[in-house]
There are 2 protein chains.
Amino acid sequence: MEQKRQRMTHQRSVILEEVQRCQDHPTADEVYERVRKRLPRISMGTVYRNLDVLVSSGLIRKLGPDFPQMRFDGDTRDHYHMTCIGCGCVEDMGIPPQDDTVSQLETALGKLTKHGVFGHRLEFFGLCPDCREKKGYLLEEVQEIPSSEEEQEHGAEGE
Amino acid sequence: MEQKRQRMTHQRSVILEEVQRCQDHPTADEVYERVRKRLPRISMGTVYRNLDVLVSSGLIRKLGPDFPQMRFDGDTRDHYHMTCIGCGCVEDMGIPPQDDTVSQLETALGKLTKHGVFGHRLEFFGLCPDCREKKGYLLEEVQEIPSSEEEQEHGAEGE
DNA sequence: CTGTTATCAGGAATGGTTACTAATAATACA
DNA sequence: TGTATTATTAGTAACCATTCCTGATAACAG
């Protein structure tokens, strides 16, 4: 099994640049839109393929899908994210990672169970400044977070 | 506001029973398979709809998709999960939640940033006993997973 | 019982992501 | 430099989890 040598194509480098450039955490779709301004003929498949390649070479990161779409991050340094349950955007939290607390927990888990634990993911949920302002938002409903939009006929009127 | 009165249909209660019964964390698909043994004519749409209903009434929980499919949990008590990067299964970690550490962090984030933070999700990644045994597994491949915090040392070639 | 209507089965539609293919272009090296 | 090799591309079709739509069914209130 020899690994195939990667080529740095124009498309690939443009995709990388665009992901690294943006402050937000774009979906593949958004990357496509940005890249398309520079390479109008690029195809969605190319974007997906290259995002994967870039992720596995460690040049960008992949953020798990809390809202249905996958998101990517050009900043590969460890940092916390918060997903806004209002609009689904993902923002960086401006405080350095205090991995020690969770890492201790991780280690504890590794010892206490028969599983091999060697990684974790910690994400926060809340409201971005925008959503927070726009509406007081029903803080009641918030508890449901786990990863889906409860925008149903649940209860949007006055209580 | 008034919510529409829910009916406890046969299908719904069977679905609930099956989710509560199983120790693992079934995907909608798996729930469908189980339920189908008792209700051969049930449809996938019904399963999805009812899982959603049960989630929003708090009778079961929804686990975010780390592997592409959504998973559900009949045990609504707080507890940790580990997703196996080998086979994608999700298992409970047998240690009680020590939320205080992370909650402190959550509070800190709420104060330090202009975001409203009121929830978090902490998941672990590793290998289930099965996968651990079957193969030493190529620990290299670990980096392919969503985005863990540890294990990110190695750089270039993926595959 | 009976009427209202939430829920159902079945199937079609959606939307994000992957897979396939012939054509193209990035590298190795002659 | 030119040429061969082959990773990568654009375009498009397929995929698959999930959601939506419809007329029919059945839960529950009265």
Side-chain angles (χ1 to χ4, degrees), chain A residues 1-16 25-33 35-57 59 62-72 88 90 146-155, chain B residues 1-16 25-33 35-57 59 62-72 88 90 144 146 156-159:
Chain A
M1 300 299 155
E2 50 167 303
Q3 54 202 19
K4 28 183 178 177
R5 207 176 15 265
Q6 285 184 185
R7 296 174 181 172
M8 181 48 74
T9 61
H10 188 204
Q11 289 90 333
R12 183 165 297 165
S13 68
V14 169
I15 290 170
L16 175 57
H25 305 79
T27 60
D29 206 68
E30 289 162 354
V31 173
Y32 175 63
E33 281 311 320
V35 170
R36 205 144 69 110
K37 288 177 185 152
R38 297 171 57 184
L39 306 172
R41 301 190 60 74
I42 201 168
S43 81
M44 202 61 209
T46 301
V47 171
Y48 273 107
R49 190 169 2 85
N50 279 298
L51 285 172
D52 273 353
V53 168
L54 292 170
V55 166
S56 37
S57 22
L59 293 171
K62 189 186 268 186
L63 274 42
D66 297 308
F67 276 68
Q69 278 179 84
M70 192 69 79
R71 289 181 176 275
F72 298 86
V90 175
S147 81
S148 155
E149 78 290 44
E150 323 284 335
E151 304 271 298
Q152 315 271 17
E153 58 280 87
H154 201 107
Chain B
M1 68 140 296
E2 57 156 305
Q3 51 196 32
K4 24 182 183 178
R5 213 177 6 268
Q6 286 186 183
R7 295 173 182 173
M8 182 46 74
T9 62
H10 188 204
Q11 290 90 332
R12 182 165 298 166
S13 67
V14 169
I15 290 170
L16 175 56
H25 305 79
T27 60
D29 205 69
E30 288 162 356
V31 173
Y32 175 63
E33 281 311 320
V35 170
R36 204 143 70 109
K37 288 177 185 153
R38 297 171 58 183
L39 305 172
R41 300 190 60 76
I42 200 168
S43 80
M44 201 62 206
T46 301
V47 170
Y48 273 107
R49 189 169 3 84
N50 279 298
L51 286 172
D52 272 353
V53 169
L54 293 169
V55 167
S56 35
S57 30
L59 292 170
K62 191 186 266 186
L63 275 41
D66 298 308
F67 277 69
Q69 277 179 87
M70 193 69 81
R71 289 181 177 275
F72 298 87
V90 175
E144 288 291 343
E157 356 289 336
E159 237 285 328

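Letters A, B, ... mirror the listed sequences (proteins, then strands); counts begin at 1.
Atom OG of A:Ser43 sits about 11.0 Å away from atom CG of A:Leu39, to the nearest 0.5 Å. Rounded to the nearest 0.5 Å, atoms CG (B:Leu16) and CG (B:Leu51) are 9.5 Å apart. Atom CG in A:Leu54 sits 11.0 Å away from atom NZ in A:Lys62 (nearest 0.5 Å). Here the straight-line distance linking atom CZ of B:Arg49 with atom CD of B:Gln11 works out to 9.0 Å at 0.5 Å rounding.
One interatomic measurement links the two molecules: CD of A:Glu30 to C1' of C:dT17, which rounds to 16 Å at whole-angstrom precision. Per the geometry, OH belonging to B:Tyr32 stands 14 Å off P belonging to C:dC8, to the nearest Å. Between the P atom of C:dA6 and the CG atom of B:Leu54 lies a distance of 18 Å, rounded to the nearest Å. Across the protein-nucleic acid pair, A:Ile42 atom CD1 and C:dT24 atom C1' stand 14 Å apart, rounded to whole Å. Between the C1' atom of D:dT9 and the CG atom of A:Leu39 lies a distance of 11 Å, rounded to the nearest Å. For A:His10 and C:dT24, the NE2 to P distance is 18 Å, given to the nearest whole Å. One atom, CE of B:Met44, and another, P of C:dA9, lie 12 Å apart when rounded to the nearest Å. Going from atom CZ of B:Arg12 over to atom C1' of D:dA27 covers 11 Å, rounded to whole Å.
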* Candidate pair B:Ile15 and B:Ile42, rule side chain to side chain contact (heavy atoms under 4.5 Å, CB included), full reasoning -> CA-CA 10 Å; B:Ile15 290 170; B:Ile42 200 168; 4.1 Å; yes

Could you walk me through whether A:Glu30 and A:Glu33 satisfy the side chain to side chain contact (heavy atoms under 4.5 Å, CB included) test, starting with their C-alpha distance in whole Å, then the side-chain angles of each, then the deciding distance to 0.1 Å, before giving a yes or no? CA-CA 5 Å; A:Glu30 289 162 354; A:Glu33 281 311 320; 5.5 Å; no

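Between the side chain of B:Arg71 and the backbone N or O of B:His25, at least one donor-acceptor pair lies under 3.5 Å.
Between C:dA26 and A:Gln11, no contact under 4.0 Å exists linking OP1 or OP2 to a side-chain N or O. The side chain of B:Tyr48 places no N or O atom within less than 4.0 Å of a non-bridging phosphate oxygen (OP1 or OP2) of D:dT19. Using a 4.0 Å cut-off, no side-chain N or O of B:Thr9 falls inside it from OP1 or OP2 of C:dA6. Put simply, B:Thr46 has a side-chain N or O that comes within less than 4.0 Å of OP1 or OP2 on C:dA9. Dashed line: the shortest gap from a side-chain N or O of B:Arg5 to OP1 or OP2 of C:dA6 is not under 4.0 Å.
Between its opening and closing five pairs, the helix from C:dC1-D:dG30 to C:dA30-D:dT1 changes axis direction by 40°, a value rounded to 10 degrees.
Candidate nucleotides C:dC8, C:dA25, D:dA10 were compared by shortest atom distance to the side chain of A:Arg7, and C:dA25 ranks first.
Each of A:Gly45 and B:Arg41 lies near DNA chain C, and the nucleotide nearest B:Arg41 is the one positioned closer to the 5' end.
Using a 4.0 Å heavy-atom distance criterion, A:Arg49 is classed as a base contact.
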